[in-house]
Enquirer: 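Handing you this structure, nothing more for now.
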Amino acid sequence: MNFVKLEGLGNDFILFDALKDDLSAINFHELAPKLCNRHFGIGADGLLIVRKSEKADFYMQVINADGSEPQMCGNGIRCFARYVYENYAKKSVISVETLAGIMLPVLDPKNNIIEVDMGEPILEPARVPVKFSGEKMLNAPVPVLDQTFAITAVSMGNPHGVIFVADVSAVNVPVYGAALETHEIFPEKANIEFCQILSRGEIKMRVWERGAGETLACGTGACAAAVAGVLTGRLDRDVTVQLAGGILKISWDADDNRVSMSGPAFQVFKGEVVL
Ligand SMILES: N[C@@H](CCC[C@H](N)C(=O)O)C(=O)O
């Protein structure tokens, strides 16, 4: 199979193109753990598959490294937009259907910046989903292992639990991230973001992703963190998110309630994989 490897702030993806190659016999859910393995495979945080859409220019299927299928991927959609721009669309606004709805990446190819309207955050607990009886889950104490974390639950199409801490470098992300990803309050599991406030417009974030483990960046996670910071009075609506892999700019519009994310995406190589 032909593949392309892309990355958005070090959150990396193996992309397959079902518009060019006949991939109808391939079970990507089964294959993802093998392909994403960094020692015995190509190595990536997930797969992106370019498919035909009846409602938009393209359909983006995302598969996590463990074979599960999330609704949306923020860094993934910038990589996807970069690929379809180079290979098909050559237009700066591309409509992409996802399980979380239709997204509209806008490309500035000269500067390699892609801005994506990520839609409205979902806060209603049943729709995140998170087991919580109030109207919104904000700073709610959740005991896990030997600690209790104050969690704000936000869906950006996929579920996130955002935690503000004094120092992200002091958090044992693999231990507490993994325990919270599968905590019983999250019936569909969750991505867990640990965030440190630097100012009212800037945070540092480390992320444990559902189905992938600790990654260098998470676009939907950065959006969820900005929303959680505004809702809990810590942040203004324009936020710079410093991640291990680089910087994302997030903006949550007070008028239309939509979140926008902008950052880069790069193709790093092309190859063939023998199954
Ligand atoms: N890396 C992504 C999120 C990918 C999906 C996530 N692991 C999930 O299961 O929801 C991003 O940049 O948003």
Side-chain angles (χ1 to χ4, degrees), residues 5-15 28-29 32-33 35-36 43-49 60-83 96 98-101 103 105 113-119 121-122 127-130 153-162 173-174 177-178 180-183 186-195 205-228 239 241-250 252 259-266:
K5 181 99 188 276
L6 297 113
E7 60 87 14
L9 304 182
N11 194 194
D12 56 347
F13 306 94
I14 307 163
L15 180 145
F28 285 106
H29 299 276
L35 295 175
C36 292
D45 295 321
L47 308 182
L48 300 174
I49 301 137
M60 176 178 83
Q61 185 181 19
V62 186
I63 311 277
N64 283 323
D66 72 349
S68 60
E69 184 162 351
Q71 300 86 337
M72 179 46 192
C73 178
N75 290 321
I77 200 160
R78 295 199 318 281
C79 292
F80 186 96
R82 176 94 223 168
Y83 174 85
V96 182
T98 70
L99 287 179
M103 307 287 155
I113 290 294
I114 300 147
E115 181 171 357
V116 188
D117 175 350
M118 301 285 283
I122 298 164
R127 293 180 60 214
V128 171
V130 62
V154 177
S155 167
M156 289 304 308
N158 57 348
H160 295 268
V162 181
V173 174
L180 287 165
E181 174 195 0
T182 54
H183 195 285
F186 294 116
E188 293 178 12
K189 303 187 184 170
N191 301 285
I192 306 298
E193 287 79 27
F194 296 93
C195 305
M205 178 178 126
R206 287 177 70 193
V207 58
W208 178 267
E209 281 195 40
R210 177 176 69 164
E214 185 168 9
T215 62
L216 296 184
C218 177
T220 50
C223 296
V227 168
V239 184
V241 183
Q242 290 185 14
L243 297 130
I247 280 172
L248 281 175
K249 298 272 186 189
I250 309 295
W252 184 19
V259 181
S260 91
M261 168 197 70
S262 57
F266 295 93

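Each ligand, and each atom within it, is numbered from 1 in the order the structure gives.
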Enquirer: Got a sec, which residues hit salt bridge (charged side-chain N to carboxylate O under 4.0 Å, His left out) with Lys189, two or more places apart in sequence or on another chain?
Expert: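 Salt bridge (charged side-chain N to carboxylate O under 4.0 Å, His left out) list for Lys189, sorted by chain: empty.
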Enquirer: Check salt bridge (charged side-chain N to carboxylate O under 4.0 Å, His left out) between Asp45 and all other residues, then give those that pass, not counting sequence neighbours.
Expert: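 So Asp45 forms a salt bridge (charged side-chain N to carboxylate O under 4.0 Å, His left out) with Arg38.
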Enquirer: Under 3.5 Å, side chain of Arg210 to main-chain N/O of Asn191, donor-acceptor pair present?
Expert: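 Such a contact is absent between Arg210 side chain and Asn191 backbone.
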Enquirer: Is the side chain of Gln71 donor-acceptor paired with the backbone N or O of Gly101 at a distance under 3.5 Å, no angle test?
Expert: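 No; zero donor-acceptor contacts below 3.5 Å.
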Enquirer: Closer than 3.5 angstrom, by distance alone: can the side chain of Asn64 be matched with the main-chain N or O of Asp66 as a donor-acceptor pair?
Expert: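 Flag not set: sc Asn64 to bb Asp66 has no pair under 3.5 Å.
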Enquirer: Are any protein N/O atoms closer than 3.5 Å to the N/O atoms of ligand 1? If there are, list each pair with names and the distance to one decimal place.
Expert:
from     : atom 1 : to     : atom 2 : distance (Å)
ligand 1 : 1 (N)  : Asn11  : OD1    : 2.7
ligand 1 : 1 (N)  : Glu209 : OE1    : 3.0
ligand 1 : 1 (N)  : Glu209 : OE2    : 2.9
ligand 1 : 7 (N)  : Asn64  : OD1    : 3.1
ligand 1 : 7 (N)  : Asn191 : OD1    : 3.3
ligand 1 : 7 (N)  : Glu209 : OE1    : 2.9
ligand 1 : 7 (N)  : Arg210 : O      : 2.9
ligand 1 : 9 (O)  : Asn64  : ND2    : 2.9
ligand 1 : 9 (O)  : Arg210 : O      : 3.4
ligand 1 : 9 (O)  : Arg210 : NE     : 2.8
ligand 1 : 9 (O)  : Arg210 : NH2    : 3.4
ligand 1 : 10 (O) : Asn158 : ND2    : 2.9
ligand 1 : 10 (O) : Asn191 : ND2    : 2.9
ligand 1 : 10 (O) : Arg210 : NE     : 3.4
ligand 1 : 10 (O) : Arg210 : NH2    : 3.0
ligand 1 : 12 (O) : Asn11  : OD1    : 3.3
ligand 1 : 12 (O) : Gly74  : N      : 3.3
ligand 1 : 12 (O) : Asn75  : N      : 2.9
ligand 1 : 12 (O) : Asn75  : ND2    : 3.3
ligand 1 : 12 (O) : Gly219 : N      : 2.6
ligand 1 : 13 (O) : Gly74  : N      : 2.7
ligand 1 : 13 (O) : Gly219 : N      : 3.4
ligand 1 : 13 (O) : Thr220 : N      : 2.9
ligand 1 : 13 (O) : Thr220 : OG1    : 2.6

Enquirer: Suppose we screen for ring-ring contact (aromatic ring centres under 6.0 Å, His included). Which residues come up paired with Tyr83, at least two apart in sequence or across chains?
Expert: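 For Tyr83 there are no ring-ring contact (aromatic ring centres under 6.0 Å, His included) partners, ignoring immediate neighbours.
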